[in-house]
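This report concerns only the one structure given below.
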4 protein chains.
Amino acid sequence: MPKIVDHDQYRKELLLKSFDLFAERGYGSITMRQLAQGLGVSTGTLYHYFPSKQALFLQLVEELDRQDLLNFLAEAGNPPTLTERIETMFNFVAKNEDNFCKQVLLWVEFYQQEKAELSRNKAFHSSWDKTTQAIADYLQVPDKAIADFVLNYLYGLLMRGIFETETISYPEQATLLSKILVAYLK
Amino acid sequence: MPKIVDHDQYRKELLLKSFDLFAERGYGSITMRQLAQGLGVSTGTLYHYFPSKQALFLQLVEELDRQDLLNFLAEAGNPPTLTERIETMFNFVAKNEDNFCKQVLLWVEFYQQEKAELSRNKAFHSSWDKTTQAIADYLQVPDKAIADFVLNYLYGLLMRGIFETETISYPEQATLLSKILVAYLK
Amino acid sequence: MPKIVDHDQYRKELLLKSFDLFAERGYGSITMRQLAQGLGVSTGTLYHYFPSKQALFLQLVEELDRQDLLNFLAEAGNPPTLTERIETMFNFVAKNEDNFCKQVLLWVEFYQQEKAELSRNKAFHSSWDKTTQAIADYLQVPDKAIADFVLNYLYGLLMRGIFETETISYPEQATLLSKILVAYLK
Amino acid sequence: MPKIVDHDQYRKELLLKSFDLFAERGYGSITMRQLAQGLGVSTGTLYHYFPSKQALFLQLVEELDRQDLLNFLAEAGNPPTLTERIETMFNFVAKNEDNFCKQVLLWVEFYQQEKAELSRNKAFHSSWDKTTQAIADYLQVPDKAIADFVLNYLYGLLMRGIFETETISYPEQATLLSKILVAYLK
DNA sequence: AATGAATGAGCGTTCATTCAT
DNA sequence: GATGAATGAACGCTCATTCAT
């Protein structure tokens with residue numbers, strides 16, 4: 001019997017630890033050697049667990065999207081009013097803002113760089129769609145357009161956090177959005 | 001100094017023509033040779049006009065941001081009501097959606113890939129800030145938070161156009177946003 | 001010492017089974033992992049039986065050369081005339097043409113790739129010489145030059161079977177060679 | 001205008017110089033870096049002239065086969081008797097024995113290593129066939145089987161020069177072959 | 001101004017071999 | 001004896017950039 005390690009478990013461990021490394025330097029800029037060094041393994045080991053840099057990244061996307069959703073649902077509960085649900089959601093995003101920014105940045109960079117050969121690989125889009133859908137479900141708004149509205153707002157918020165020098169207050173924005181929506185839905 | 005005008009004019013011509021090439025393959029994936037070939041010049045010529053790939057791209061960012069803003073202001077006029085201004089804005093974005101998506105994609109990819117050495121170069125952020133500010137001005141809303149709100153929504157719209165399989169209707173979204181805001185501002 | 005017999009028997013079994021794998025992909029192209037997988041063992045096991053890829057191959061050469069010779073002598077008998085002996089020989093080669101082609105191909109590839117460090121290892125050359133000598137003995141021609149002549153012809157036949165699109169008929173060639181030699185030796 | 005060098009001429013120069021390097025270490029063992037160093041250029045330059053290691057080698061095959069044939073025809077003349085033609089041919093091979101051995105070795109090694117993806121590329125086989133055909137033509141023997149006979153003999157001679165410790169005398173073999181054939185054709 | 005040949009560091013990836021279990 | 005995870009040097013190849021012409 002070889003060394004007792006759960007192959008799959010170790011794979012996920014490497015995956016999760018690789019996120020910070022990707023985030024720090026970007027998908028295209030970090031090298032497999034740097035990744036390996038950062039993870040404390042050799043390049044050979046990296047390739048023992050993942051067939052390629054792209055595959056490693058794609059697995060990371062899937063895993064993180066899955067975990068993000070799980071984490072959110074675990075602590076979100078099911079508040080009675082839309083206002084509260086929006087607040088809960090914004091709180092969650094605010095708490096993990098840094099993580100989400102890094103993710104969006106990485107996903108976009110990767111998509112841009114590999115879009116040519118990504119058409120076959122639906123995993124990327126489907127993962128995003130699934131998350132978006134789950135959030136829409138959580139909000140329980142009667143009109144899908146309203147859910148879209150909130151999501152647009154949220155994704156825009158993330159973008160501005162990335163590009164603008166001046167940061168934006170999440171609680172404040174959540175309050176504003178709530179007020180606006182309540183006024184509209186009344 | 002006629003020579004300088006020619007040089008500068010040619011430089012901008014190359015810049016503008018390079019946008020489609022960047023958009024098609026991504027900043028990190030396209031090579032200077034491919035760029036040169038696509039522009040119908042040699043790599044040497046490219047380096048005669050731009051000191052580096054990064055500098056070329058940065059100049060492209062600045063130029064396009066400038067032109068986008070100019071184009072918008074040129075055709076936006078100054079409608080009397082907020083509703084109309086928002087509609088005008090959304091129409092403009094809808095008309096140029098493809099372009100804007102490509103730009104956002106490229107800007108993000110570039111930022112992500114070069115952020116390590118971008119700290120010195122403020123051009124990138126300042127260009128984005130300037131555009132954002134100009135749009136906020138155009139809307140003439142009393143409360144800055146409202147302008148932020150609209151912009152967040154807009155940027156989010158762009159993001160979702162990129163990642164989601166299902167496209168989103170701009171006119172419809174504009175109408176919704178107008179209604180919501182009118183209900184709130186009343 | 002029963003253990004040693006088992007070990008040795010198993011080693012030869014692996015050796016023989018590895019021939020087809022080497023033949024299919026070439027010495028330089030097949031990996032130890034592929035070899036192990038094809039044999040139904042782990043790489044570790046392979047290294048338990050053979051100290052290195054090169055040693056494994058060298059043992060294969062020796063074993064196959066030995067067996068080829070044994071097989072030939074077993075079925076060749078001792079026909080009274082040179083013509084018959086040549087015919088027997090050509091029949092044998094014809095029957096095993098595919099095998100011999102693969103062997104020549106592999107031996108050449110290996111020799112070419114490792115010749116730098118093969119000077120010490122005489123096994124390779126001596127194995128070839130021994131076979132050649134045995135065949136010469138079998139023919140029982142008075143003049144060594146005639147034996148050389150036949151062997152040259154045979155090895156050339158193999159080479160042309162490898163490289164040329166048009167295959168060559170062994171029986172026909174054997175008949176021709178016989179006639180020619182008989183005419184000469186008369 | 002760039003540096004004045006005839007791209008194509010320089011390519012052939014590199015090609016020819018690369019033969020000795022390939023011959024010395026083998027196709028599979030020599031690296032592009034070693035090749036570049038041996039040629040006195042950088043790896044980048046090598047790739048400027050040849051798209052890949054395989055393509056470089058294939059071009060070398062074609063070029064050498066072409067030149068060998070040209071050289072032979074240039075000095076072969078058209079002797080009146082078959083005996084003389086065979087002698088001329090064997091003299092030529094004897095004079096270039098070293099070269100031809102190296103070529104056969106390399107061609108076989110390459111073929112063995114790349115045969116999987118070589119099916120499309122007919123250049124390899126066709127080049128060999130062409131040469132073989134030209135030699136057959138030169139001999140002007142009425143019966144194709146006789147030409148085949150001579151060629152088999154020749155290729156076998158080369159093989160034995162490669163593998164056997166004891167070298168074989170070309171003039172002697174040529175004389176023998178002539179005698180044998182003359183006895184047969186009479 | 002314009003060319004494209006030249007460079008070489010560095011990339012993603014492979015694979016013979018080792019070794020803890 | 002058997003396993004397969006781990007290693008890391010080395011491979012083929014790329015590409016931003018330089019520079020002689």
Side-chain angles (χ1 to χ4, degrees), chain A residues 1-7 10-11 14 28-37 39-56, chain B residues 3 6-7 10-11 28-37 40-56, chain C residues 3 6-7 10 28-37 40-57, chain D residues 1-7 10-11 14 28-37 39-56:
Chain A
M1 230 184 307
K3 256 178 230 169
I4 302 169
V5 284
D6 187 318
H7 186 100
Y10 192 44
R11 210 195 79 237
L14 291 174
S29 296
I30 203 170
T31 72
M32 286 300 264
R33 264 192 268 290
Q34 290 168 334
L35 228 24
Q37 191 168 53
L39 295 170
V41 299
S42 66
T43 57
T45 298
L46 220 45
Y47 278 93
H48 183 68
Y49 287 96
F50 307 99
S52 68
K53 191 184 181 186
Q54 187 185 106
L56 161 52
Chain B
K3 275 288 176 192
D6 274 352
H7 182 101
Y10 191 43
R11 191 179 55 82
S29 297
I30 203 170
T31 70
M32 285 301 263
R33 251 207 272 292
Q34 288 169 333
L35 229 24
Q37 193 169 55
V41 300
S42 65
T43 57
T45 300
L46 219 46
Y47 276 91
H48 183 70
Y49 286 97
F50 308 99
S52 71
K53 191 184 182 186
Q54 188 185 104
L56 162 51
Chain C
K3 275 290 175 191
D6 275 350
H7 180 102
Y10 191 43
S29 297
I30 204 170
T31 70
M32 286 299 263
R33 251 205 273 291
Q34 289 169 333
L35 228 25
Q37 193 169 55
V41 300
S42 66
T43 58
T45 299
L46 220 46
Y47 276 91
H48 182 70
Y49 286 96
F50 309 98
S52 69
K53 190 185 182 184
Q54 188 185 102
L56 162 53
F57 188 81
Chain D
M1 233 186 303
K3 256 179 230 167
I4 301 168
V5 284
D6 187 317
H7 184 102
Y10 192 45
R11 208 196 80 237
L14 292 174
S29 297
I30 202 169
T31 71
M32 287 299 265
R33 264 194 268 288
Q34 288 168 334
L35 228 23
Q37 190 168 51
L39 295 170
V41 300
S42 65
T43 57
T45 298
L46 220 45
Y47 279 93
H48 183 68
Y49 287 96
F50 308 99
S52 69
K53 192 186 181 185
Q54 187 185 108
L56 162 52

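Values in this document were obtained by computation on a predicted structure and should not be read as measured data.
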Item to check | Spacing of CG belonging to L35(C) relative to CD belonging to Q37(C), to within rounding of 0.5 Å | outcome: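 So the gap between those two atoms works out to 10.5 Å.
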
Classify the nucleic acid contact of [X] as base, sugar-phosphate or nothing, counting any heavy atom under 4.0 Å across all strands shown.
| X | value |
| --- | --- |
| T31(A) | sugar-phosphate |
| F50(B) | nothing |
| T43(D) | base |
| I30(D) | sugar-phosphate |

Provide the closest heavy-atom pair for [X] versus [Y] in the form atom of the first, atom of the second, distance.
| X | Y | answer |
| --- | --- | --- |
| K53(B) | I30(B) | NZ-O, 2.7 Å |
| A36(D) | L46(D) | N-CD2, 3.8 Å |
| S52(C) | A55(C) | OG-N, 3.1 Å |

Item to check | Phosphate OP1/OP2 of dT3(E): any T45(B) side-chain N/O under 4.0 Å | outcome: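 For dT3(E), OP1/OP2 do have a side-chain N/O of T45(B) under 4.0 Å.
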
Next on the checklist: Counting only side-chain nitrogens and oxygens, does Y47(A) get under 4.0 Å of the OP1 or OP2 atom of dT14(E)?
Outcome noted: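 It does not, given that no N or O in the side chain of Y47(A) lies less than 4.0 Å from OP1 or OP2 of dT14(E).
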
Item to check | Position toward the 5' end of DNA chain E (nearest nucleotide), S52(A) or P51(C) | outcome: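 With S52(A) and P51(C) compared, the 5'-side residue is S52(A).
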
Checklist entry - Which sits closer to the 5' end of DNA chain E, G44(C) or G40(D), going by the nucleotide each is nearest to? => result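 Nearer the 5' end of the strand: G40(D).
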
Item to check | Nearest-nucleotide pick for K53(B), side chain only, options being dA16(F), dA2(E), dA6(F) | outcome: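 When the side chain of K53(B) is considered, dA16(F) is the closest of dA16(F), dA2(E), dA6(F).
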
Checklist entry - Nearest to the side chain of R33(D), which nucleotide is it out of dA16(E), dA6(E), dC11(F)? => result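 Closest of the options to the side chain of R33(D): dC11(F).
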
Next on the checklist: By nearest heavy atom, map V41(C) and G28(D) onto DNA chain F; which one lands nearer the 5' end?
Outcome noted: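 Whichever sits nearer the 5' end wins; that is V41(C).
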
Checklist entry - Between Y49(C) and S29(D), which is nearer to the 5' end of DNA chain F once each is assigned its nearest nucleotide? => result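 The residue whose closest nucleotide sits nearer the 5' end is Y49(C).
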
Checklist entry - Should the ring pair Y49(D) and Y10(D) be called parallel, tilted or perpendicular, given that the plane angle runs from 0 to 90° and is split at 30 and 60? => result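 Rings of Y49(D) and Y10(D): perpendicular, as their planes differ by over 60°.
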
Nearest whole angstrom, please: distance from the [atom2] of [N] to the [atom1] of [X].
| X | N | atom1 | atom2 | result |
| --- | --- | --- | --- | --- |
| Q34(A) | dT13(E) | CD | P | 15 Å |
| M32(C) | dT3(F) | CE | P | 14 Å |
| L46(D) | dC11(F) | CG | P | 14 Å |
| D6(A) | dA5(F) | CG | C1' | 13 Å |
| Q37(A) | dG8(F) | CD | P | 11 Å |

Checklist entry - Who passes side-chain contact (heavy atoms from CB on, under 4.5 Å) against T31(C), sequence neighbours left out? => result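 Only R33(C), Q34(C) meet the side-chain contact (heavy atoms from CB on, under 4.5 Å) criterion with T31(C).
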
Checklist entry - For DNA chain E, what string of dots and brackets results from 5' to 3' when Watson-Crick and G-U pairs need both distances under 3.5 Å, crossing pairs get [ ], and pairs with another strand get |? => result .||||||||||||||||||||

